[in-house]
Amino acid sequence: MTVTPASLPEGLYNAALDLLDRNLLEGRGDRLAVIDDHGRYTYGELTERANRFANALEGLGIRRGERLLMVMLDSVDFPTVFLGAIKAGVVPVPVNTLLPAKDLDFMLGDSGATALAVSEPLLPALAPLLDRHRPHLRQVIVSGQDGHGHQRLADLLAKAAPQHQPAPTVADDIAFWLYSSGSTGSPKGAVHLQSHLMDTAKLYAQPILGIGPEDVVFSAAKLFFAYGLGNGLTFPFSVGATAVLMAERPTPAAVGKRLVEQRPTIFYGVPTLFGLLLSSGELPEKGRHNLRLCTSAGEALPEELGLRWRERMGVDILDGIGSTEMLHIFISNRQDDIRYGTSGRPVEGYQARLVDEQGQPVAPGEIGDLQVSGPTCCAFYWRKREKSRETFLGHWTRTGDKYRVTEEGYWLYCGRSDDMLKVSGQYVSPFEVEAALVTHPAVLEAAVVGAEDADRLIKPKAFVVLQPGKAAEAGLEEALKSHVKSRLTPFKYPRWIEVVPELPKTATGKIQRFKLRAGGQRG
Ligand code: 3UK
C-alpha cells in the first residue's frame, strides 16, 4: 500500500474519508473496491486515485464549494472524481448521461459549475454547449484516451501527488447534489450534505441488505442516479465490499454476462429490467450465479414479477421506495419479511406518515399522501425557494406519492399524486412528451398518460389530435415515436399512440388526464 490514510480532527467530517481511507485504517487496503470494464482496483489504489484527483482540482484552481458537473459513464473514474472532489470540498454534481443537450445546458447554467468532468464518448454532445458557460466554467476534464484539447483525467492523475490533506469539512457541509426531474420540466438540484452518504449505508444497506466485506455488488441503475450511487458506491465502500461497474447500457445480455462472469452476490435492478431479464433467455441457471439477494426500486415491483424471479433464480427481490430527495430507500421489504406487491415497512431511522389534503393523518387503511422524515433528506433545492418550501415541511418531506397501509402493516403504493409517471424507474413528465409530440408537423395537440404493459408496468401512452386536414396514415405511429426519441431521452417515447378527434378538457382549457387514464388502459 502506498497511501497513508488521512484523518480529520475531532468535530470535522468528510464523507470520502469515511468511504475510502477508513477501509485502509481498518486493514482493507488490499481488498478489491472496484471491478470495471478495464481493470480491478483495490481500496488502496482507489484512495490514491481520489487523493490525486483532489490535488489536481486544487492545482486547476477549483475551490471548495464550487460545483463540478459530472457527465460520466460507470467506471473507476466515477468514484475517483466523485470522492476526490468531496475530499477537496468541491461539490460533485453527477447527471444522467443520456440527457438531451437542452437539459445538460440547463444544468451547466443552473449549477454554475466551474468544472466539468466528462467521459470521452459523451463529449461530442457537450462540446457545442461549453462556450456559452465559459464565464463560470473554467476547466473541462475528459475521462478517456483522447482529451480533444481539454485536460485528460489520466494525465492529471499521473502528475498529481498521491497524498492529500482533506478539506476541513463538517457533517452538515454541502457535499454533492443530484438533479431530480420536476413535473413542469426544469430539474431541481437536491443539495446533499456530507453525512448523508454514510447514513444511507448505516440505516438501509447494512441492516436490511446485511452487506459486508465479502459481498460483490452489481447495480443496473447507474451511479448518476441516487439509487445507483448508493448501490454501487456508498454501500460497498461503507463496508469494504467490491462494486462491479459497467459503462454500457444494462441490456439483458450485458447484465446476464456480469451475473455469470463477475458472480455478484447482490444485484440491484428496476422492475422493467427484471421483466426484460425474465423474458430474455439471458439469465443464468440457478446453479450458475452467486446471487444471495436482489433489490428493486424506482417504481413499484408487481407481485407476479417478484414471484417469477424467485422461482426462476432462487433469490428474492426486496422492493423498497426511495427518492433523490431522501437519497435512498426509506420504506422497504426485509429479507425475513417479504410481501410482494408492497413496499414493505418504514426503514428504522426513518418515519413515514400518510396525510389528507389538509395535512391531517388519514384514518387507518385509508389512502393518503406519503410524507417521510429522516436524516438523509437533502437540505433544499438549489435556487428553487418556492419548490423547496412546498416540499420540505420542517422535518417532513412530501414524496408526491399516494400510499395505503394494509391491515398487517405493509405500505402499499397507490400511484403518484401529480401527473408524473415513473417509467423504468425514472421520472417522465407528461408535459415534456406532449411538447415533443406537438413539434411534429402532423400533430395539433397531445396528451400523455401512463398505461400498463403486459408486465403491469407503467409506460407512456399518447392521445393525439391531428392537424386539420391530416389523416392517420400508415407509418404515422412509428414516425411520432421516433420523433419523440430524437428529442427526449429515448425511453420517454409513447409506447402506444391513439389518434382522437379531441382531448377532454376543463372549462379553463386544462387537459383532463384522469379521463384519459380511466378510458385508456393498455394500447
Ligand atoms: C417512485 C417508487 C413505488 C416514487 C430512488 C431508490 O426512484 C428513486 O428516486 P427518484 O427521485 O424517484 C422517487 C419516486 O419514485 N418510487 C421509487 N421507488 C419506488 N414507487 N415503489 C417503489 N419501490 O414515486 C418516488 O417518490 O427518481 C429509488 C433509491 C434512491 C432513489 N432516488
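Computed from heavy atoms alone, side chains included, the values below leave out hydrogens, waters and symmetry copies. FYI, the numbering just counts along the sequence from 1. First listed ligand is number 1; within each ligand, the first listed atom is number 1.
When each atom of ligand 1 is checked for a heavy atom of T399 under 4.0 Å away, the hits are 26 (O). Taking every non-hydrogen atom of A297 and a distance limit under 4.0 Å, the qualifying atoms of ligand 1 come out as 6 (C), 18 (N), 23 (N), 28 (C). Atoms of ligand 1 found under 4.0 Å from any heavy atom of L327 (numbered from 1 in listed order, with element): 30 (C). When each atom of ligand 1 is checked for a heavy atom of I329 under 4.0 Å away, the hits are 6 (C), 29 (C). Interface of G320 with ligand 1, defined as ligand atoms under 4.0 Å from a residue heavy atom, comprises 18 (N), 22 (C), 23 (N). Within ligand 1, counting atoms from 1 as listed, the ones closer than 4.0 Å to a heavy atom of T324 are 9 (O), 10 (P), 11 (O), 27 (O), 32 (N).
In E299, the part holding a heavy atom less than 4.0 Å from any atom of ligand 1 is the backbone. At a heavy-atom distance under 4.0 Å, only side-chain atoms of D319, from C-beta outward, approach ligand 1. With a 4.0 Å cut-off on non-hydrogen atoms, L301 does not touch ligand 1 at all. Heavy atoms of Y227 found under 4.0 angstrom from ligand 1 belong to the backbone as well as the side chain.
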Would T342 and Y413 count as a side chain to side chain donor-acceptor pair (under 3.5 Å) here? Give the steps.
CA-CA 7 Å; T342 80; Y413 177 71; over 6 Å; no

Check the pair F82, F176 against ring-ring contact (aromatic ring centres under 6.0 Å, His included), reporting the backbone distance first and the verdict last.
CA-CA 8 Å; F82 184 79; F176 65 100; 5.5 Å; yes

How far apart are the C-alpha atoms of F224 and F78, what are their side-chain angles, what is the distance that settles it, and do they pass the ring-ring contact (aromatic ring centres under 6.0 Å, His included) test?
CA-CA 9 Å; F224 61 73; F78 192 112; 7.9 Å; no

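For the ligand labelled ligand 1, residue L370 lies outside the 4.0 Å heavy-atom shell.
Remark: R345 is not positioned above the aromatic ring of W411, lacking an NZ or CZ atom under 6.0 angstrom from the ring centre and at most 45 degrees off the axis.
When side chains are defined from C-beta on, L116 does not count as touching L68, because their heavy atoms never get closer than 4.5 Å.
Where the criterion is an N or O separation shorter than 3.5 Å, residue side chain and backbone included, S180 fails it with respect to ligand 1.
Scanning the protein for heavy atoms near atom 10 (P) of ligand 1, the closest one is K422 NZ, 3.3 Å. The single protein non-hydrogen atom nearest to atom 26 (O) of ligand 1 is D401 OD2, 2.5 Å, given as residue, atom name and distance. Here the protein heavy atom with the shortest distance to atom 14 (C) of ligand 1 is Y427 OH, 3.4 Å. Here the heavy atom of the protein found nearest to atom 3 (C) of ligand 1 is A300 N, 3.2 Å.
Separation of atoms CD1 (I317) and CZ (F267) is listed at 9.0 Å; rounding is to 0.5 Å.
With hydrogens and angles left out, the side-chain atoms of D110 and Y179 include a donor and acceptor closer than 3.5 Å. In summary, the side chains of D199 and T376 do not present any donor paired with an acceptor at a separation below 3.5 Å, with no hydrogens or angles considered. A donor-acceptor pair shorter than 3.5 Å can be found between the side chains of Y403 and S343.
Ring to ring, Y43 and F237 are close: their centroids are under 6.0 angstrom apart.
Remark: E214 does not engage R292 in a salt bridge, criterion side-chain N to carboxylate O under 4.0 Å.
The option with the heavy atom closest to atom 1 (C) of ligand 1, from among G322, S323, G298, is G298.
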